[in-house]
Structure formats: structure tokens, C-alpha cells
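Before any comments, here is the structure.
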Amino acid sequence: MKKKMFSKFSNILHNAVEALAPQLSLKEEFVHHWKSVTAFFMDNKGQKLPIDQTQIPEHLEQMVVLLKEEELNAELDSTGPCMEYLLQHKLLDTLYSLGRTDHPPGMKQIVLQFFTKLLSRLKQPILAHVSVHRAVNRLVKACGEVQAAPTESEEIQFLCTVCSLIKSTPYLVNFFIEVPKLNSDARKTSLTKDAPRPETGAGHMAQSADIPANSPDTRTTHITSPNTANGPCSTGRNFSLMNSLLSLSHSADSRVAVKACEGLMLCSSLPEETAASWIIHDTRFCTEMTQRLIEAYLKLPAFISPADLENAEAKWGLDVITESEDHKTFLGKRHLVSFLSWLDYCDQLISIANPMVAKSLAKSIRELFLNVIMEPSVLQASEAGATLATAYLNRCLRTVCSPELLSEFCFFILGHERLPEQIGETTPEIRHRLIERCNHLSEELSLVTLKLFDTLLQKDDEHIMHNLVLRNLLGRNYYKVTPVVSEEVNSAQDKEDNSKTPNDTSLGKEDNIKQDSKEKPSVNRSSSRTEVHKIVNCFLALLPEQLKSSYQTADSGYDMYLRDAHKQYRHICEMTDPWSWPKEPVVIKRFVVDDFYEGAFLRMLLDKMSHLLEQSYPVNLQLTSVVARLALLPHPNLTEYLLDPFLPVTDGTRTLFAVFQKLSSEIRNKLHAQSDLSQQLVNVRRQLMGTSTNLHHLRPRPKFCQGYEDQNQLEAIIVMEEFCKELSAIAFVKHHSEVNRPS
């Protein structure tokens with residue numbers, strides 16, 4: 001205590017003496033403060049006074065103030081005497097050496113603060129000077145050497161200051177990349193190594209050894225030895241700034257870790273190709289980012305409620321869930337949020353990174369995480385394990401937005417194939433198995449897989465739509481070419497058809513469907529308003545009036561479907577405009593095949609639609625959601641295949657409307673005999689409906705039975721009624737948009 005009081009008294013006395021001293025020039029005052037710093041080390045050898053009991057912090061602070069004052073008074077692009085003294089006498093190198101020894105205790109912290117203030121307060125581009133960037137680079141390498149060091153806050157503040165300077169002047173990054181000195185022969189060899197490498201990471205290592213990238217041997221190597229993919233030890237080159245930031249990103253202090261991650265984002269987004277190449281090949285950046293994602297995934301809970309997983313919101317940043325909060329919500333939420341937050345960080349980083357870095361990191365995530373960890377989890381034999389893994393994959397897909405990472409997820413799930421799919425095709429295995437599982441006996445596994453495809457169809461990636469659906473429709477092999485009939489014959493046929501009367505009037509519009517479906521389409525249906533009314537009426541008339549419970553409750557909800565369809569179609573058109581889809585149905589030669597095959601995905605959907613009465617209510621809701629997303633896509637081949645009841649098709653070709661017709665007939669055969677059917681449907685609807693009349697806002701309910709023979713069938717009829725209204729609204733909105741489209 002006495003020593004502390006004496007130190008304060010000494011400081012006051014020293015300041016008073018300086019105040020009474022004659023006025024000095026800026027340089028003389030600057031030199032005075034610097035010599036006062038060096039004098040301390042000459043006069044106090046062997047003493048271990050804490051830094052706060054010395055005059056060093058005040059002297060260094062005054063030196064920065066004097067440099068700033070000199071800069072304000074100096075002419076533009078000129079160097080003042082104080083700055084010249086700092087550069088010529090290599091003051092920063094001396095300060096680095098003093099800070100490296102951390103004597104007196106706390107000296108490193110003060111040196112870091114001095115460097116930070118010097119670089120951030122001065123507007124002069126001093127970092128390009130050799131006396132500055134050499135000392136700064138040496139200090140950068142000293143950051144992150146010790147985990148949980150007392151100077152972590154000052155270290156990250158200093159590194160972020162350097163990053164911001166490099167971001168504004170990207171070429172400065174070259175001062176922080178060290179190349180080992182080579183002789184002439186070795187230098188020639190190094191030039192060939194510096195050329196861009198086509199493959200990095202797990203796939204490149206596997207290919208070099210002629211081993212598949214997803215074999216068990218390579219999987220073990222990749223996880224246990226991630227640094228073998230790309231590390232600074234392989235070439236001797238060192239990117240000190242990236243390495244220090246990577247080290248500090250593991251800090252237990254979340255604020256330090258977040259700032260380190262921000263610094264990594266700044267460095268990875270630099271436009272300099274040299275820096276991007278060195279980040280990929282000479283640092284552990286890509287591997288370490290992926291390894292942390294793997295570690296977070298392996299900590300995820302072995303059981304989690306689907307609702308908790310769906311509702312979990314996680315954004316990268318300072319949102320930290322404590323262990324006590326974890327138990328208050330659901331067990332494992334902390335690990336789930338940690339995993340999703342890191343995935344969100346990787347996604348954000350890839351979205352802004354240099355294209356070379358973005359592609360390399362996305363590829364690393366696919367090779368080390370998706371292929372090695374996620375694929376075996378999804379394909380496992382255990383139903384419970386496969387269900388959970390598919391749910392996690394779906395949640396990951398919802399988080400991913402960056403084009404590069406989204407493409408890797410899509411290629412992982414669907415493969416790269418773009419030519420027409422063949423019957424019995426089973427590659428890639430994960431795509432084949434996922435489509436198969438949509439018809440799995442386990443309702444939970446089937447439902448979560450349908451949700452995965454629903455999420456895929458919402459993503460902004462043309463390959464998804466092409467691989468799942470379009471590649472088998474672009475040849476237009478489903479279309480049956482019919483001879484053109486003259487308008488006179490058509491009009492006579494229309495009069496003949498209109499003169500006929502249905503034998504059974506109790507079914508209302510149902511008997512007209514078969515007649516309408518036999519009519520030949522006009523030459524240009526897209527320009528005829530009457531044609532879209534026929535299409536709308538075909539879907540609305542699929543069910544007879546006595547099976548339509550919405551009309552009996554005076555709440556059809558058709559207007560809401562129109563509004564929703566208009567909003568969703570506009571959004572989808574904005575998403576698909578860059579893909580340059582045609583405006584009229586096309587036939588592309590390389591997609592023409594002998595026999596039409598709709599593809600495994602469309603076949604699965606049509607099969608499930610045909611079994612609507614046998615499936616549970618949640619599965620039917622999710623199924624109709626997937627089909628509706630396909631129907632909204634503005635590709636003319638897909639539109640006519642799904643939404644045109646009058647489309648002439650080749651023998652053996654199923655369309656969505658044909659499936660509905662068969663289903664409608666099955667419904668009438670099974671349920672028409674029940675006298676109180678209409679009232680049963682009204683009661684079931686009231687039990688299912690919430691405040692919204694939209695099909696996909698119908699609330700799932702627990703199984704119950706109140707005297708009805710088959711509750712699922714009644715619910716399926718309601719789902720079909722709502723879905724027909726939704727499809728008719730989509731058809732109307734599409735037609736309206738096409739008519740109003742500028743030619």
C-alpha cells in the first residue's frame with residue numbers, strides 16, 4: 001500500500017515538473033517520452049514492479065498523442081519529424097522485444113495497446129513501411145501463442161485492427177505471408193507448387209493414393225489427422241495473421257472467439273488471389289473450420305423432439321446458452337444451438353469469402369463432414385437413428401444459404417447427374433434411399449424424408465429442380481402428338497357433347513369431368529381465358545358436392561388460396577428468372593428417350609397420391625405440400641404435366657389429374673354408401689381446422705375414434721378437397737401471369 005501511494009505521489013510530482021518545464025518542440029517532447037521509457041529499463045534492472053506502477057503507459061500514450069497532433073498539423077502526404085524518428089530508430093522493433101519478454105509484468109499488454117492505437121488513430125499508410133510491418137508481423141505471430149492468456153483481449157483487438165487495415169488496402173496482406181528463403185533450384189521448384197491446385201482436402205488425398213474418398217480407411221485418417229490436408233508445415237510458408245486468428249478463435253472467452261472469427265472472415269474475403277491460395281494450401285483454415293463442425297455435430301443429442309428441432313433458432317454471434325438454461329428448455333439445446341451457430345458462421349463466411357476460399361471450404365465440409373459423418377448416419381439401418389440423422393440433415397439444409405455450400409449439399413444428396421433418369425437407377429445411393437424412404441413403413445421416417453425434399457424444393461438452386469424432376473420431362477416424351485382437327489369439327493363436337501345430359505344428377509359436376517377430359521386442347525391454350533376456367537373447374541369438380549365439407553361450413557377458403565398462390569408464384573418467379581427457363585413447352589433432343597419415365601421422385605409422389613386414403617393425416621399434408629411446390633414452378637413442361645387435365649399423353653403415362661380421377665372414383669365407391677357421410681366430414685373438419693382455412697395450416701391431431709369406421713379416410717377426403725382448391729388456384733395464377741406477361 002505504501003509503495004502504491006509513493007508511486008502516485010511520484011507521478012504527481014513528475015507531471016508538475018513537466019508542466020513547469022520550458023516549451024519543447026513536438027520532436028523533442030516525443031524523444032523525451034521515448035527516452036523516459038528506455039531509461040526505466042536501464043535504471044530498474046532486476047526489479048519486478050508491475051507495469052501500472054511505472055510511467056511507461058503514460059509515456060507511450062503521450063507518444064501516440066504527439067504523433068496524431070503532428071499528423072493533423074502536417075501537410076498532406078508528408079512525414080513529420082516524430083514519425084521519421086520512430087521509423088529511423090526502429091522504435092516498434094524495440095517495443096516488440098520489450099513486450100515479448102513481458103518485463104515488467106504487463107508490458108506485453110501495454111505494447112499491444114500502443115500498436116493498436118498507433119495503427120487505428122493515424123491516417124497515414126504507415127503499415128507499408130518496412131520498419132512498421134516487420135514489427136507488426138512479429139507481434140502478430142506472438143498473439144495466440146498461449147491459450148487463456150491474460151492479454152487475449154488486447155491481442156484480438158490488435159489483430160482486428162490489422163485486419164481492418166488490410167481489408168481497406170488488400171495488397172498489405174502480402175507483408176504477413178512469409179516465404180522461406182530458397183536457392184535458385186528450389187525457387188524454380190516452388191513456382192510449380194504455387195500453381196493453383198485443382199483439388200484439396202480429403203478427395204485429393206484419396207485420389208493420390210487411389211483410395212475412394214469415402215472408404216473407411218480414409219475416413220479415419222481424415223478425422224484423426226485433419227492437418228495432413230493442408231498445414232503450414234508442408235511447405236514452410238507461414239500466414240501468421242490467419243494462424244493467430246485461428247488460435248484465438250478457440251478462446252474460452254466468447255467475445256474474443258467471436259472477434260477472431262470476424263477477423264477470419266475479413267482475411268478470407270480479401271480479393272488477393274495469392275492470399276486466397278495460401279489460406280487454402282498453407283494454413284489449417286478449411287480443415288479446422290470443418291473439424292469444429294464435426295465436433296459440434298457429434299455432441300448433438302441422441303433424441304430430440306421434432307418440434308424442438310424445427311423451432312430451434314441459432315445465429316452465429318454471442319448468443320450463448322448456459323447449462324442451467326439448457327435444462328430449463330430441453331436437454332441438448334446448448335449443443336444444438338452451438339452446432340447450428342457454427343454452421344451458420346461457415347455459411348456466412350462462404351457467402352462473402354474469396355471464390356477460391358469459398359469453394360475450398362465448401363468442398364472440405366462435403367468431403368469431411370457430409371461424406372464421412374453425415375452419409376453413414378443417414379443410411380444406417382436403425383429406423384430411429386436414420387430418422388434423427390435425416391432430421392438433422394434437413395435442419396442443416398434450412399440453415400445453408402450460400403451458393404457454394406448449398407451446391408455441395410445438393411450434390412451430396414442428389415448427385416451430379418443431369419441426363420434422363422433410367423428405371424431402376426440406384427446411384428447415388430443416398431438419393432435412391434431417401435426417395436425409397438418416402439414410402440417407408442415407418443411413418444416418422446417417411447414424414448421426415450418428405451420434409452427434407454420439401455426443404456430442397458425451396459432452395460435457390462437450379463440443379464435441385466433439374467435432377468429431381470425436369471431431366472425426365474425436357475424430352476416431352478409424355479406428350480402424345482395428335483392430328484390437328486379443324487375448328488368446324490371441334491365446334492360440332494362441342495355441340496354434340498353439350499347436348500348430352502348426365503344420367504345421375506346427384507353427383508353434380510363429377511360426370512362432366514370425363515367428358516371435359518376427352519376434349520382436344522386448343523392450338524394455343526395459354527392465350528385463352530376460357531381454357532383456364534375449364535382447368536379450374538376440372539380440379540374443383542373432382543369431388544361431388546356431398547363430399548365437400550367446406551361449403552357446408554360456409555368457409556371454402558378459396559380466396560386465401562388465390563392470395564397465397566399469387567404471393568408464392570411471384571417469389572418463385574424471382575428465384576427462377578436467372579435460370580432462363582423457356583416460356584413454352586420444349587423438346588430438347590438429348591433428353592428424348594424411347595419410353596417415357598417420369599423419374600423416381602415423381603413416380604414416388606404419384607404413388608403416394610394414389611394411396612391418399614391409406615395414409616395418415618400428417619403424411620398427406622406434407623405430401624401435398626411437396627406436390628404444390630412442384631406445381632408452382634414456372635417451367636412449362638412441368639406445368640402442363642401436373643396441371644393440364646386435357647393434355648394428350650402417351651399410353652401408360654400417369655398424370656396428376658389421372659391419379660386424382662382414379663382416387664375420386666375410389667372415394668365414391670368406398671364412402672358413397674354411408675348415409676351420414678356429409679355430417680361426418682363436417683365434424684371431422686371442425687376437429688381439424690384451426691383459425692386458418694389454408695390446407696397447410698390444418699392442425700395435426702392425435703388419433704381418435706368417435707364411432708367412425710375409418711377416421712383416416714375422412715381426413716384424406718378433406719385434404720383432397722383442399723388440395724384441389726389449391727391446385728386450381730395455382731393454375732389460375734399461372735395462367736393470369738402468362739397472359740399479362742409482356743411479349
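Quantities reported herein were computed from a predicted structural model and do not represent experimental measurements. The basis for the numbers below is simple: all heavy atoms, side chains too, and nothing from hydrogens, waters or symmetry mates.
One finds the CG atom of Leu139 at 9.5 Å from the CG atom of Leu92 (value rounded to the nearest 0.5 Å). To the nearest 0.5 Å, the span separating SG on Cys82 from CG on Leu87 amounts to 11.0 Å. One distance of note links CD1 of Ile126 with OG1 of Thr79; it measures 10.0 Å at 0.5 Å rounding.
Under a 3.5 Å cut-off, the side chain of Ser277 and the backbone N or O of Thr274 do not form any donor-acceptor pair. Judged by distance alone, the side chain of Asp347 and the main-chain N or O of Val400 form no donor-acceptor pair under 3.5 Å. Looking only at distances, a side-chain donor or acceptor of Arg395 sits under 3.5 Å from a matching main-chain atom of Leu309. Judged by distance alone, with hydrogens and angles left aside, the side-chain atoms of Asn354 form no donor-acceptor pair with the main-chain N or O of Ser269 at under 3.5 Å. Side chain of Ser247 to backbone of Asn243: no donor-acceptor contact under 3.5 angstrom is found. At least one donor-acceptor pair closer than 3.5 Å links the side chain of Ser244 to the backbone N or O of Cys143. A donor-acceptor contact shorter than 3.5 Å is absent between the side chain of Glu404 and the backbone of Ala358. Of the possible donor and acceptor atoms, one in the side chain of Thr116 sits under 3.5 Å from a partner among the backbone N and O of Leu112. Side-chain atoms of Glu28 come within 3.5 Å of backbone N or O of Ser25 as a donor-acceptor pair. A distance-only check finds no donor-acceptor pair linking the side chain of Ser338 to the backbone of His335 [under 3.5 Å].
At least one side-chain heavy atom of Ile56 sits less than 4.5 Å from a side-chain heavy atom of Phe41. Counting only heavy atoms from C-beta outward, the side chains of Leu91 and Phe30 approach each other to under 4.5 Å. The closest side-chain heavy-atom distance from Leu393 to Phe412 is below 4.5 Å. The shortest distance between side-chain heavy atoms of Ile51 and Gln109 does not fall below 4.5 Å. Here the side chains of Phe115 and Leu95 are in contact, with some heavy-atom distance below 4.5 Å. Proximity of Leu397 to Leu406: side-chain heavy atoms (C-beta onward) are separated by under 4.5 Å at one or more points. Side-chain contact between Thr151 and Val146 is absent, with no heavy-atom pair separated by less than 4.5 Å. Side-chain contact check for Tyr392 versus Tyr297: some heavy-atom pair is nearer than 4.5 Å.
Nearest heavy atoms, Pro170 versus Glu272: O-CG, 3.6 Å. Across all non-hydrogen atoms, the minimal contact from Glu61 to Arg121 is OE2-NH1, 3.3 Å. Across Ile279 and Ser268, no two heavy atoms sit closer than the pair CD1-CA, 4.0 Å. The shortest heavy-atom contact between Met242 and Thr283 is CB-CG2, 4.2 Å. Heavy-atom minimum distance, Leu388 versus Pro301: CD2-O, 3.7 Å. Among all heavy-atom pairs drawn from Leu49 and Pro105, the shortest one is O-CD, 3.5 Å.
Of the charged side-chain nitrogens involved, at least one lies within less than 4.0 Å of a carboxylate oxygen, so that Lys68 and Glu71 count as a salt-bridged pair. By the 4.0 Å N-to-carboxylate-O rule, Lys108 lies close enough to Glu155 to be salt-bridged with it.
The local environment of CD in Gln147 is crowded, with over 12 non-hydrogen atoms from other residues, nucleotides or ligands closer than 6.0 Å. Residue Lys259 places its NZ atom among 12 or fewer non-hydrogen atoms of other residues, nucleotides or ligands, all under 6.0 Å distant.
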**Step-by-step side-chain hydrogen bond (donor to acceptor under 3.5 Å, both in side chains) determination, Gln62 to His32** = CA-CA 10 Å; Gln62 285 301 312; His32 163 72; over 6 Å; no

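Residue pairs meeting the salt bridge (Lys or Arg N to Asp or Glu O under 4.0 Å) criterion with at least one member in residues 80-98, sequence neighbours excluded: Asp93-Arg134, Asp93-Arg138. Identified under the ring-ring contact (aromatic ring centres under 6.0 Å, His included) test for residues 81-102, with sequence neighbours left out: Tyr85-His89.
Under the ring-ring contact (aromatic ring centres under 6.0 Å, His included) criterion, Trp34 pairs with no residue at all, not counting sequence neighbours. Scored by the side chain to side chain contact (heavy atoms under 4.5 Å, CB included) test, Val256 finds Glu152, Ser153, Ile156, Leu248, Ser251, Asp253 as partners (sequence neighbours excluded). With sequence neighbours excluded, the residues that form a side chain to side chain contact (heavy atoms under 4.5 Å, CB included) with Thr169 are Tyr171, Leu172. A search for salt bridge (charged side-chain N to carboxylate O under 4.0 Å, His left out) contacts involving Lys299 returns nothing, not counting sequence neighbours.
Inspection of the His129 and Gln124 side chains reveals no N or O donor paired with an N or O acceptor under 3.5 Å.
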